[in-house]
Amino acid sequence: MRIQQEQIDALNRQQDSFHRQQLDGLRTLYEEKRMAQTIQKLADFQVALPSWALGAGGTRFGRFSYGGEPGNLEQKIEDIGLIHQLTRTAGAVSLHIPWDIPEDVAAIRQLADELGISFDAMNSNTFQDQAGAGESYRNGSLSSVHRAAREQAIAHNIEVIRIGEQLGSKSLTVWLADGASFPGQYNFQTVLQHTEDSLKHIYSELPDDWKLLIEYKPYEPHFYSTVIQDWGTSFALANACGEKAFTLVDLGHHLPNTNIEQIVATLMKKGKLGGFHFNDSKYGDDDLTVGAIKPYNLFLIFNELVYGMENNPQNPDLAWMIDASHNIKDPLEDLIQSLEAILIAYAQALLVDRNALFTAQQESDVVRCQEILQHAYRTDVRPLLREARLRAGGAFDPLETYRSLEVRKQLVKERGSSTRATGL
Ligand code: RM4
Ligand code: MN
Ligand code: MN
């Protein structure tokens with residue numbers, strides 16, 4: 001299905017005077033120039049949606065289908081198109097292979113093009129065994145002690161690059177589930193060496209204008225050790241591979257209370273932060289809606305990201321992606337909520353008075369430093385988000401528009417209630 005622009009515009013018009021008032025209210029707090037710059041940056045900001053987040057997510061214990069799930073890649077891209085039409089922020093898709101191998105590359109490219117969607121990072125999958133595969137990943141993939149398993153995993157990653165090239169993607173994200181659940185299960189140094197060798201092999205097949213993004217995660221699916229467990233390991237591997245390799249930070253992949261904003265700052269200073277996965281969590285890799293649990297933390301992270309984007313030309317543009325797929329919300333609504341939370345944190349970070357913060361830091365005025373950050377954090381920036389969206393033809397309130405246009409009901413009508421999306 002497609003939403004007619006007129007349907008969005010009609011709903012937007014009802015909010016016209018309220019919106020103007022709200023925006024004028026903000027003008028009493030921030031200079032016009034700062035407001036204009038922030039609106040422009042918000043309008044430019046695009047976050048990739050992963051092809052696996054459009055289906056019903058699952059936990060280890062259950063998956064609850066909902067009606068109108070996308071039954072194939074085309075329908076997943078259509079769903080992203082709907083979200084993009086409403087939010088104007090979801091102009092990219094990140095594919096997971098082999099969950100979403102395009103059957104007809106030209107047709108998929110054309111569809112994505114029509115919907116204003118580009119192909120962001122490609123994701124390989126060596127954490128599940130595929131039907132007919134010669135080797136099992138039960139004991140690891142790129143790190144495995146079994147040469148044949150390593151070779152199969154390397155070949156898979158190279159195949160993912162080749163598919164991505166046809167689609168116009170420019171990066172490969174590698175996340176390894178490889179790890180050990182029991183002490184003594186493997187030799188730490190051996191598996192690290194295998195991983196480095198395997199990644200170097202994949203790196204050597206990378207086109208010149210591509211990046212290799214190396215993701216880390218402390219635990220799960222293994223519960224004693226993970227081969228690429230933290231940013232330090234990822235950073236070391238990226239350095240070993242070369243200048244096209246970078247670390248990817250996934251918010252859910254840290255132990256509780258880790259200072260993620262400091263990790264971001266360190267990596268950007270070193271020019272090695274390549275990508276970012278958004279989600280939220282209370283305990284681990286919980287896959288909750290962005291901003292649902294720790295919005296202040298997200299703001300502090302964005303504060304460093306903005307600082308890095310403004311001050312670290314040595315760091316490349318980042319690949320932004322939502323990586324969350326829980327099992328009790330309509331995924332499209334969940335993604336709309338996540339996008340809103342991301343932009344709110346970004347806008348607040350853009351409003352931080354950096355000159356004043358610098359001065360307060362020089363004067364060691366700790367109280368002032370905190371006040372400056374929290375002044376920005378406590379600003380209701382939603383009028384800026386709405387202004388950016390309205391200018392781009394999006395919805396004043398994407399979630400309410402989605403609901404009042406009864407998008408889900410129509411998707412169920414079109415696709416039925418028993419389709420099942422590939423993914424987790
Ligand atoms: C992992 C990791 C990867 C994602 C998979 C589905 O936990 O976050 O980025 O590709 O989940
Ligand atoms: Mn991730
Ligand atoms: Mn994850």
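Position 1 is the first residue of the sequence, and the numbers go up from there.
- For the side-chain hydrogen bond (donor to acceptor under 3.5 Å, both in side chains) criterion with Tyr137, the lone passing option out of Gln130, Gln152, Gln128 is Gln152.
- Within the 4.5 Å cutoff, the side chain of Lys217 has no heavy atoms near those of the Asp250 side chain.
- With hydrogens and angles disregarded, no donor-acceptor distance shorter than 3.5 Å links the side chain of Arg420 to the backbone of Gly71.
- A cation-pi arrangement, defined by a distance under 6.0 Å to the six-membered ring centre and an angle within 45 degrees of its axis, is absent between Lys272 and Phe235.
- Looking at Arg162 and Glu165, a side-chain N of the basic residue comes within less than 4.0 Å of a carboxylate O on the acidic one, giving a salt bridge.
- In this structure, a donor-acceptor pair under 3.5 Å is present between the side chains of Ser136 and Asp129.
- Remark: the Asp286 side chain and the Asn279 side chain contain no N/O donor-acceptor pair separated by less than 3.5 Å.
- Looking at Asp208, Asp120, Asp209 one by one, the single match for salt bridge (Lys or Arg N to Asp or Glu O under 4.0 Å) with Lys170 turns out to be Asp209.
- Taking the six-membered ring where the residue is Trp, the centroids of Phe302 and Tyr377 are separated by 6.0 Å or more.
- For the residue pair Asn123/Ser94, the side-chain donor-acceptor check at 3.5 Å is satisfied.
- Within a 6.0 Å sphere centred on NZ of Lys269, heavy atoms belonging to other residues, nucleotides or ligands number 12 at most.
- Residue His254 forms a ring-ring contact (aromatic ring centres under 6.0 Å, His included) with just one option from Trp231, Tyr283, Tyr216, and that option is Tyr216.
- Just one residue in the list Thr89, Val290, Val47 forms a side chain to side chain contact (heavy atoms under 4.5 Å, CB included) with Leu343, and that residue is Thr89.
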Intermediate values then yes/no, side-chain contact (heavy atoms from CB on, under 4.5 Å), Thr247 and Leu267: CA-CA 8 Å; Thr247 293; Leu267 286 169; 3.7 Å; yes
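- Looking at Val352 and Val306, their side chains never come closer than 4.5 Å, going by heavy atoms from C-beta outward.
- Annotation for Gln37: atom CD counts as buried by contact number, over 12 foreign heavy atoms lying within 6.0 Å.
- Under the 4.0 Å criterion applied to side-chain N and carboxylate O atoms, Asp79 and Arg415 are assigned as salt-bridge partners.
- Residues Arg386 and Asn12 bring no donor and acceptor atom of their side chains to less than 3.5 Å of each other.
- No donor-acceptor pair under 3.5 Å is formed between the side chain of Glu220 and the backbone N or O of Asp285.
- The one candidate from Phe45, Phe276, Phe278, Trp320 that meets the ring-ring contact (aromatic ring centres under 6.0 Å, His included) condition with Tyr346 is Phe45.
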Check against side-chain contact (heavy atoms from CB on, under 4.5 Å), Gln15 and Asp397: CA-CA 9 Å; Gln15 306 293 338; Asp397 185 335; over 6 Å; no
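- Using a 4.0 Å cut-off between a side-chain N of Lys or Arg and a carboxylate O of Asp or Glu, Glu333 and Arg403 qualify as a salt bridge.
- Judged by distance alone, with hydrogens and angles left aside, the side-chain atoms of Ser204 form a donor-acceptor pair with the main-chain N or O of His201 at under 3.5 Å.
- The existence of a salt bridge linking Glu243 and Lys270 is excluded, since no basic side-chain nitrogen approaches an acidic carboxylate oxygen closer than 4.0 Å.
- Geometrically, Lys244 engages Tyr203 in a cation-pi contact, judged by NZ or CZ lying under 6.0 Å from the ring centre and within 45° of the ring axis.
- Side-chain atoms of Ser144 come within 3.5 Å of backbone atoms of His146 as a donor-acceptor pair (strictly under, hydrogens ignored).
- Inter-residue side-chain proximity for Leu142 and Val227 is flagged as unmet; no heavy-atom pair is nearer than 4.5 Å.
- A heavy-atom distance below 4.5 Å is found between the side chains of Leu54 and Leu335.
- Looking only at distances, a side-chain donor or acceptor of Gln5 sits under 3.5 Å from a matching main-chain atom of Gly393.
- You'll find the side chain of Leu95 reaches within 4.5 Å of the side chain of Phe119, heavy atoms only.
- A salt bridge links Arg2 and Glu114; the closest N-O separation between the charged side-chain nitrogens and carboxylate oxygens is under 4.0 Å.
- The environment of OH in Tyr307 is sparse: at most 12 heavy-atom neighbours from other residues, nucleotides or ligands sit within 6.0 Å.
- Under the 3.5 Å distance criterion, the side-chain polar atoms of Glu261 are left unmatched by any main-chain donor or acceptor of Asn297.
- Met122 is listed as a side-chain neighbour of Ile163, based on a closest heavy-atom distance under 4.5 Å.
- In Ile328, the CD1 atom is not crowded: 12 or fewer heavy atoms of neighbouring residues, nucleotides or ligands sit closer than 6.0 Å.
- A distance-only check finds a donor-acceptor pair linking the side chain of Gln185 to the backbone of Ser181 [under 3.5 Å].
- By the 6.0 Å contact criterion, CD on Glu31 is open, its count of non-hydrogen atoms from other residues, nucleotides or ligands being 12 or less.
- Side-chain atoms of Arg88 never come within 3.5 Å of backbone atoms of Arg389 as a donor-acceptor pair (strictly under, hydrogens ignored).
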Begin from the C-alpha positions of Glu69 and Arg408 and carry the test salt bridge (charged side-chain N to carboxylate O under 4.0 Å, His left out) through to its verdict. CA-CA 9 Å; Glu69 262 190 66; Arg408 176 57 55 196; over 6 Å; no
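- Between Tyr30 and His375, the ring-plane angle classifies as tilted under the 30° and 60° cut-offs.
- The six-membered or imidazole ring of Phe64 lies away from that of Tyr66, with a centre-to-centre distance of 6.0 Å or more.
- No side-chain heavy atom of Phe246 sits less than 4.5 Å from a side-chain heavy atom of Ile214.
- Atom CD of Glu310 has more than 12 heavy atoms from other residues, nucleotides or ligands within 6.0 Å.
- Checked against the 6.0 Å centroid criterion, the rings of Tyr224 and Phe182 do not qualify as a close aromatic pair.
- Environment of NZ in Lys41: sparse, with no more than 12 heavy atoms of neighbouring residues, nucleotides or ligands closer than 6.0 Å.
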Would you sort out whether Asp100 and Lys76 count as a salt bridge (charged side-chain N to carboxylate O under 4.0 Å, His left out), showing the intermediate values? CA-CA 9 Å; Asp100 289 298; Lys76 289 180 178 182; 3.0 Å; yes
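- Surrounding CZ of Phe358 are at most 12 heavy atoms belonging to other residues, nucleotides or ligands under 6.0 Å away.
- A heavy-atom distance below 4.5 Å is found between the side chains of Pro383 and Asp380.
- Between Glu340 and Arg382 there is no salt bridge, since none of the side-chain N atoms of the basic residue sits less than 4.0 Å from a carboxylate O of the acidic one.
- You'll find the ring centres of His96 and Phe127 inside the 6.0 Å limit.
- For His84 (side chain) and Ala90 (main-chain N/O), a donor-acceptor pair under 3.5 Å exists by modelled atom type.
- Separation of the Phe299 and Tyr296 ring centroids falls under the 6.0 Å cut-off.
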